[in-house]
Amino acid sequence: MSVSNEIIEKIKNSNCSSDETFFQAVKEVLDSLKPVLDSDPIYKRHSIVERLITPDREFKFKVAWMDDNQNIKVNTGYRIQFNNALGPYKGGLRFHPSVNTGILKFLGFEQILKNSLTGLPIGGGKGGSDFDPKGKSNFEVMRFCSAYMTELHKYIGPRVDVPAGDIGVGAREIGYLFGEYKKITSSYEGILTGKPFMFGGSLLRPEATGYGCVYFTDEMLKYAGKEGFKDRVCAISGAGNVAIHTIEKLYNLGAKPVTCSDSKGTIYDSRGIDLPLLKEIKLQKRASLEEYILTNSDAIYTKVEDYPKGGHEVWNIPCDCAFPSATQNELTGLDAKNLIENGCISISEGANMPSTPEAIKLFKENNILFAPAKAANAGGVTVSEFEMSQNASMSKWTYEHLDEMLEKTMRSLCKRIHLTAIDYGVEGNYEDGANIAGFKRVADAMIAEGI
Ligand code: NDP
């Protein structure tokens, strides 16, 4: 049996396989790493894979808080510190009812490789809670964030672990979390990124993931000889931070983004998504996308219950480039088939692990350009690291400077992956290229640092 298969078998029979989503992520990475593990015995000798898939530590704690009706509520809080071979633990906090240890482990594991790929000095971690900010008043969100930070503050620090936002954690939540940390510790330090600009945030952080994803895709199209976004029709899922800023940058580069979606339905606007309206509905009112057609009656709104069975409406719409930017496993085998049949040339994962394994298999079999999440959405963590640097030096960088640095980082990240794929005989396979390049940097650091 080859070294890589031996390792995969060992992991299948370990605790790791009991968390389905986590195991799916690990398995996908290990499949890509076969040529590295089989050709270089040093990684097996140092048990790098076993060490990499085991978090350094996991915290799970009670978060008790009071709602506006003076009822005491209890949620579960988590922080997983996965790997700090390259720098302080770094990764978002997610507040969503679906949060559990398995999901956070999958996200944290992916985060190690993503952060490694950026070339910046950051390790991997992830955290959050099963608390749902949706439908809560600002005071309820504030009381929850204070209670959550009462425990979290024990584990984080500017050189230890620097969380950021993720689903359900935006500038509002980060502001409340930061305020509570300051109150508990009397210390004004960069312990979180994604902070509002007025107290140490980076100007470009809200835009970073979406903009970065478009820069990456632009570079990937170039390597494939399909240069430029001009007049390309793009399909985007999601209507949150990532989706909105992906749409914005696509417009900047001359593309036509025609879809967006939320947890209740999909908008298809063949003239191009009305971005100011989308921002008003989702960022200001925090309302349902259904409101879009009250203003733009030519657009089509499809409710989730009317989606194709086993698929998502967004991927039924013909497009040149697709940007799944909502959540995990939102793009199925059926969706991949529809995209391919409709002539789609590239898929860029704005969300974390949005494509199912069947979908990825179909993309590869049909030579569709596929930018995996750990590469395509690394713009967010890149600008988070810029925020850490600014906080450490008590300096402020301009919007233009940050955008330039983000673009440069995303384009060079794409180049590194492209060249790694060529080195390992899989040119054009950005998934294998990203997994190998991300793994090698962190694995070599682990070896150099000893056990
Ligand atoms: P937000 O919470 O801002 O937005 C998520 C959006 O997706 C919401 O509009 C939500 O709908 C929608 N959504 C949720 N589930 C579904 C579904 N099943 N079908 C369609 N739409 C759905 O999150 P972000 O935009 O920040 O994050 C999106 C993804 O990107 C996540 O996977 C996250 O981990 C990843 N990511 C985010 C980064 C960032 O910087 N924000 C960085 C790297 C990765 P509704 O409005 O109804 O809730």
Side-chain angles (χ1 to χ4, degrees), residues 21 25 90-99 103-104 106-108 110-111 114-115 117-118 124 126-128 132-135 163-174 193-194 201-202 204-213 216 235-248 259-267 278-279 281-283 285-292 302-305 307 311-315 323-332 335 348-355 372-385 387 406 410:
T21 328
K90 180 95 199 91
L93 298 174
R94 179 175 288 193
F95 290 171
H96 191 271
S98 65
V99 164
I103 297 243
L104 294 178
F106 127 63
L107 291 166
E110 289 278 303
Q111 194 81 44
K114 181 189 306 186
N115 294 0
L117 273 176
T118 63
K126 200 80 192 180
D132 188 357
K134 243 190 238 166
D166 188 59
I167 293 180
V169 180
R172 173 183 64 171
E173 289 76 14
I174 293 285
T193 57
S202 171
L204 194 75
R205 182 61 188 87
E207 293 87 345
T209 308
Y211 280 21
C213 189
F216 185 96
I236 300 97
S237 64
N241 178 283
V242 178
I244 285 174
H245 296 106
T246 297
I247 292 173
E248 188 162 272
T259 65
C260 58
S261 64
D262 67 9
S263 52
K264 300 207 178 67
T266 290
I267 287 288
L278 174 63
K279 285 186 175 179
I281 295 172
K282 298 311 285 189
L283 299 182
K285 295 190 189 162
R286 295 175 191 260
S288 159
L289 264 187
E290 195 166 5
E291 281 200 13
Y292 188 98
T302 309
K303 290 185 179 169
V304 168
E305 41 284 25
Y307 283 4
H312 193 300
E313 181 62 15
V314 169
W315 316 125
F323 294 85
S325 309
T327 190
Q328 63 266 14
N329 292 326
E330 54 157 316
L331 197 162
T332 64
D335 295 324
S348 305
E349 295 192 318
N352 282 315
M353 209 164 84
S355 315
K374 63 176 71 68
N377 71 26
V381 77
T382 297
V383 173
S384 277
E385 199 277 343
E387 186 174 329
L406 171 68
M410 294 308 291

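Heads up: numbering here begins at 1 and tracks the sequence. Ligands are counted one by one from 1 in listed order, and the atoms in each one are counted from 1 as well.
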Give yes or no for whether the N/O distance cutoff of 3.5 Å, strictly under, is met between Lys114 and ligand 1. no
closest protein heavy atom to atom 17 (C) of ligand 1 is Thr327 CG2, 4.0 Å
ring-ring contact (aromatic ring centres under 6.0 Å, His included) filter on Phe106, not counting sequence neighbours, yields none
Worksheet item: Is there a side-chain contact between Ile103 and Gln328 (heavy atoms, below 4.5 Å)?
Response: yes
Phe216 side chain reached by Ser348 side chain, heavy atoms, under 4.5 Å: no
_I'd like to know if the side chain of Tyr307 reaches the main chain of Thr266, judged simply by a donor and an acceptor atom lying under 3.5 Å from each other, with no hydrogens or angles considered._
yes
Of all protein heavy atoms, the one nearest atom 33 (C) of ligand 1 is Asp166 OD1, 3.2 Å
Near Asn377 (heavy-atom distance under 4.0 Å), the atoms of ligand 1 are 43 (C), 44 (C)
Honestly, for Ile167 the part within reach of ligand 1 (heavy atoms, under 4.0 Å) is both
Any heavy atom of Lys282 under 4.0 Å from ligand 1? The part involved is side chain
When rounded to the nearest 0.5 Å, the distance separating NZ of Lys126 from CG of Asn352 is 5.5 Å
Here the atoms of ligand 1 under 4.0 Å from any heavy atom belonging to Gly168 are 2 (O)
So, 4.0 Å and heavy atoms of Gly350: is ligand 1 close enough to count as a contact? yes
For this session: Take every heavy atom of Ser261, measure it against each atom of ligand 1, and state whether any distance is under 4.0 Å.
Result: yes
When distances are taken from atom 37 (C) of ligand 1, the protein heavy atom at minimum range is Val242 CG2, 3.5 Å
| request: Show the numbers, then the answer: is there a side-chain contact (heavy atoms from CB on, under 4.5 Å) between Arg286 and Lys134? | output: CA-CA 9 Å; Arg286 295 175 191 260; Lys134 243 190 238 166; over 6 Å; no
Note: ligand 1 atoms sitting under 4.0 Å from heavy atoms of His312 are 19 (N), 20 (C)
Honestly, for Arg205 the part within reach of ligand 1 (heavy atoms, under 4.0 Å) is side chain
Are any of the N/O atoms on Lys126, whether in the backbone or the side chain, positioned under 3.5 angstrom from an N/O atom of ligand 1? no
| query | Side chain of His312, backbone of Asp335: donor and acceptor closer than 3.5 Å? | reply | no
the protein heavy atom lying closest to atom 30 (O) of ligand 1 turns out to be Ala351 CA, 3.4 Å
Note: heavy atom closest to atom 31 (C) of ligand 1, options Ala376, Pro133, Ala326, belongs to Ala326
Under 4.0 Å from one or more heavy atoms of Lys134, ligand 1 contributes atoms 45 (P), 47 (O), 48 (O)
ask   = Under 3.5 Å, is there a donor-acceptor pair between the side chain of Glu110 and the main chain of Leu107?
value = no
- Message: With respect to Ala239, determine whether any N or O atom, backbone or side chain, lies less than 3.5 Å from an N or O atom of ligand 1.
- Response: yes
Checking heavy atoms under 4.0 Å, the part of Ser288 that sits near ligand 1 is neither
Looking only at non-hydrogen atoms, the one of Gly240, Cys213, Ala378 nearest atom 6 (C) of ligand 1 is Gly240
Worksheet item: What do you reckon, does Ser263 have a nitrogen or oxygen under 3.5 Å from a nitrogen or oxygen of ligand 1?
Response: yes
So CD1 of Ile174 and OG1 of Thr193: to nearest 0.5 Å the spacing works out to 6.5 Å
* For residues Glu330 and Ser237, is any side-chain donor paired with an opposing acceptor at under 3.5 Å? -> yes
Ranked by distance from atom 38 (C) of ligand 1, the top protein heavy atom is Thr209 OG1, 3.6 Å
Next on the checklist: Can a donor-acceptor pair be found, under 3.5 Å and without considering hydrogens, that links the side chain of Ser325 to the backbone of Ala351?
Outcome noted: no
**Request:** Answer yes or no: is there a donor N or O on one side and an acceptor on the other, between the side chain of Glu387 and the main chain of Gly194, under 3.5 Å?
**Result:** yes
Any nitrogen or oxygen of Asn241 lying under 3.5 Å from a nitrogen or oxygen in ligand 1? Just yes or no.
yes
TODO: Please lay out, stage by stage, how Glu349 and Ser355 fare under the test side-chain hydrogen bond (donor to acceptor under 3.5 Å, both in side chains).
DONE: CA-CA 8 Å; Glu349 295 192 318; Ser355 315; 2.6 Å; yes
Original post:
Hey, does Met353 sit under 4.0 Å from ligand 1 if you only count heavy atoms?
Top reply: no
The side-chain hydrogen bond (donor to acceptor under 3.5 Å, both in side chains) partners of Thr209 (sequence neighbours excluded) come to none
| Side chain Lys282, main chain Ala287, donor-acceptor under 3.5 Å | yes
Nearest non-hydrogen contact to atom 21 (N) of ligand 1 from the set Val383, Leu283, Asn329, Asp262 belongs to Asp262
protein heavy-atom neighbour closest to atom 32 (O) of ligand 1 works out as Asn352 N, 3.1 Å
Going by the 4.0 angstrom heavy-atom rule, the piece of Glu330 near ligand 1 is neither
